[in-house]
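Residue numbers start from 1 in every chain, and the chains themselves are labelled A, B, ... in the order their sequence lines are given, proteins ahead of strands. Remember, it's a predicted structure, so these values are computed and weren't measured experimentally.
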Number of protein chains: 2
Amino acid sequence: MTKKNKLSSQVFLKLRRMVLDNELKVGSYYLEQELAEQLGASRTPLREAAIRLEQEGLLEIVPRRGIFIKPILAPEMSEIYQVLSWLETAAITIACQQPVKASKIAELEAVADNMIKALENNDLDTWAENDTRFHQILVGLSNNSELIRLVNSYWEKTNRARMLTLRIRNPPVRSSQEHSQVIEALKKGDVEAAVKINSQHRSRASGELTDLLEVLNP
Amino acid sequence: MTKKNKLSSQVFLKLRRMVLDNELKVGSYYLEQELAEQLGASRTPLREAAIRLEQEGLLEIVPRRGIFIKPILAPEMSEIYQVLSWLETAAITIACQQPVKASKIAELEAVADNMIKALENNDLDTWAENDTRFHQILVGLSNNSELIRLVNSYWEKTNRARMLTLRIRNPPVRSSQEHSQVIEALKKGDVEAAVKINSQHRSRASGELTDLLEVLNP
DNA sequence: TTAAGTGCTAATGTATACGTTATAAAATAC
DNA sequence: GTATTTTATAACGTATACATTAGCACTTAA
């Protein structure tokens with residue numbers, strides 16, 4: 001029952017996964033024909049998939065050269081982090097206009113706990129998964145579906161860089177502390193504190209990542 | 001010399017304009033063939049354009065029914081305004097981290113002036129044009145190109161509703177006052193005041209528009 | 001008259017064919 | 001040997017052809 005989807009959508013998902021997992025070399029060009037064959041489709045569905053990914057900013061369709069896998073440049077990533085940070089600030093502020101439900105606080109605490117344990121086990125993948133989950137729950141508190149969608153798309157953009165650098169950078173111990181602090185602030189309904197901590201969190205993460213990106217990219 | 005751009009891009013721009021200007025009836029379905037012929041292209045470029053517009057959320061490609069022009073529902077518009085408001089808040093705050101250049105202030109004042117004059121002449125189209133310009137300059141102050149792009153796309157989304165209601169709603173006199181107040185706050189570097197006024201501005205506009213949308217849509 | 005079944009139509013999704021044109025190699029001139 | 005022109009190739013953008021299938025109408029049975 002799952003294979004009933006359009007071929008172009010399957011290609012879209014596969015191709016995105018290939019880019020996000022760095023299976024396609026960043027900064028390289030791939031011909032439409034090649035990719036189409038590799039994914040078992042003709043040029044038409046591949047092209048439609050590529051157009052959607054181009055809109056998402058992952059690649060660029062360059063006439064006569066091929067499909068260009070866009071590198072993650074430090075200055076762009078810095079801008080994206082700035083936007084992400086503000087969107088989360090918005091979400092937190094909106095969320096705090098009403099007292100945050102205890103059940104949601106509990107969810108956040110559980111996830112934050114998972115992160116601490118994952119870190120103790122040196123399981124960075126699980127840590128990253130829960131990091132994503134934490135921010136999804138946090139932003140979900142806003143109940144603004146447009147905002148949630150938007151944050152998700154920005155999170156995915158930064159995810160590429162995070163995954164690329166996850167095993168290079170220092171263990172994210174401070175992140176865990178900051179998450180706990182955010183939860184505490186939410187419990188008290190202290191919007192300003194929650195926002196402040198989250199912004200600092202993002203700002204630091206942005207700095208660390210862009211520094212690494214500058215090293216990785218010529 | 002006419003632009004020798006790709007046909008699919010021309011179709012993309014034309015089709016988007018048609019949707020944003022409400023030339024295509026919101027809530028209706030249009031067949032690919034029809035639209036292609038109407039725009040002087042074959043189905044392929046039309047399809048590629050439609051895919052991009054679907055990603056932007058303006059329409060939906062529904063198998064065997066046609067291309068569905070998404071209606072502007074009041075609850076969604078309310079969410080979109082909330083996001084827009086926050087993005088502008090972000091832009092203003094970032095902009096104010098350094099003193100705003102006098103030349104930019106002058107630009108804003110000129111545009112605000114145009115708006116007042118247009119209103120005196122009952123020229124709502126010119127008023128709306130300058131309203132757009134005002135917010136473009138305002139957001140441009142942030143120097144964050146990602147943020148600028150994002151705000152533009154949200155502005156266009158709200159634009160659809162604004163244009164639909166421009167001649168129905170009361171003359172936007174208060175908007176002009178609010179714009180002047182924002183400029184004053186920027187001059188003084190009073191971030192908080194500028195943000196506060198702008199948020200109120202958006203909040204009021206959002207309320208007015210969503211009320212009208214509820215009346216317009218069954 | 002209504003409901004279920006069946007066949008037809010037409011719109012889509014995909015494949016493929018085709019013309020255009022950028023790019024690079026070959027050739028020629030200097 | 002270098003620079004400019006020519007030519008050939010090949011990748012793309014677009015058109016078109018084709019197979020699939022959803023939806024509707026028509027039929028038939030209760």
Side-chain angles (χ1 to χ4, degrees), chain A residues 1-19 22-71 218, chain B residues 1-19 22-71 218:
Chain A
M1 289 277 270
T2 47
K3 279 284 257 179
K4 203 66 192 146
N5 254 341
K6 286 185 291 188
L7 186 54
S8 68
S9 296
Q10 293 176 246
V11 170
F12 169 71
L13 292 174
K14 278 194 213 166
L15 196 57
R16 173 154 70 180
R17 175 52 61 91
M18 286 169 77
V19 176
N22 294 293
E23 275 179 51
L24 297 177
K25 235 177 76 185
V26 152
S28 307
Y29 293 87
Y30 295 87
L31 296 181
E32 295 182 1
Q33 194 71 259
E34 291 175 18
L35 288 177
E37 277 168 24
Q38 194 176 334
L39 291 165
S42 81
R43 272 180 60 218
T44 308
L46 176 106
R47 201 146 215 285
E48 300 194 344
I51 286 167
R52 288 165 69 183
L53 291 170
E54 185 175 38
Q55 286 289 107
E56 286 190 4
L58 286 187
L59 48 82
E60 214 163 311
I61 302 174
V62 185
R64 306 228 148 40
R65 300 216 43 194
I67 288 170
F68 177 69
I69 312 300
K70 278 212 208 167
Chain B
M1 185 152 146
T2 44
K3 267 276 197 169
K4 194 63 199 284
N5 247 344
K6 285 186 293 187
L7 188 53
S8 69
S9 296
Q10 294 177 340
V11 169
F12 169 70
L13 292 174
K14 277 194 213 167
L15 197 56
R16 173 154 69 181
R17 192 102 324 267
M18 284 169 78
V19 176
N22 294 292
E23 276 178 51
L24 296 178
K25 231 176 87 186
V26 151
S28 306
Y29 293 87
Y30 294 88
L31 296 181
E32 295 182 359
Q33 194 70 260
E34 291 175 19
L35 288 176
E37 278 169 22
Q38 194 177 336
L39 291 166
S42 82
R43 273 180 59 219
T44 308
L46 176 104
R47 201 145 217 287
E48 300 194 343
I51 287 168
R52 290 164 69 181
L53 291 171
E54 186 175 36
Q55 287 288 106
E56 287 191 2
L58 285 186
L59 49 83
E60 215 162 310
I61 302 175
V62 184
R64 301 216 154 46
R65 300 218 39 194
I67 288 170
F68 178 68
I69 313 299
K70 280 212 207 166

Contacts under 3.5 angstrom, residues 56-66 of chain A side chains, donor-acceptor by atom type, not counting sequence neighbours:
residue: A/E56; atom: OE1; partner: A/R16; partner atom: NH1; Å: 2.9
residue: A/E56; atom: OE2; partner: A/R16; partner atom: NH1; Å: 3.0

Between atom [atom1] in [X] and atom [atom2] in [N], what is the gap in whole Å?
X: A/I67; N: D/dC12; atom1: CD1; atom2: C1'; value: 11 Å
X: B/L46; N: C/dA11; atom1: CG; atom2: C1'; value: 13 Å
X: A/I61; N: D/dT14; atom1: CD1; atom2: C1'; value: 14 Å
X: A/E48; N: D/dC12; atom1: CD; atom2: C1'; value: 15 Å

Among [options], which nucleotide sits nearest the side chain of [X]?
X: B/L7; options: C/dT14, D/dT14, D/dT21; result: D/dT14
X: B/A41; options: D/dA15, C/dT21, C/dA17; result: D/dA15
X: B/S8; options: C/dT12, D/dT14, C/dT20; result: D/dT14
X: B/K6; options: C/dT16, D/dT14, D/dC12; result: D/dT14
X: A/R43; options: C/dT21, C/dA17, C/dT12; result: C/dA17
X: B/E32; options: D/dT14, C/dT21, C/dT12; result: C/dT12

Distance-only donor-acceptor test (3.5 Å): side chain A/T44, base C/dT16: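 Flag set: donor-acceptor pair detected.
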
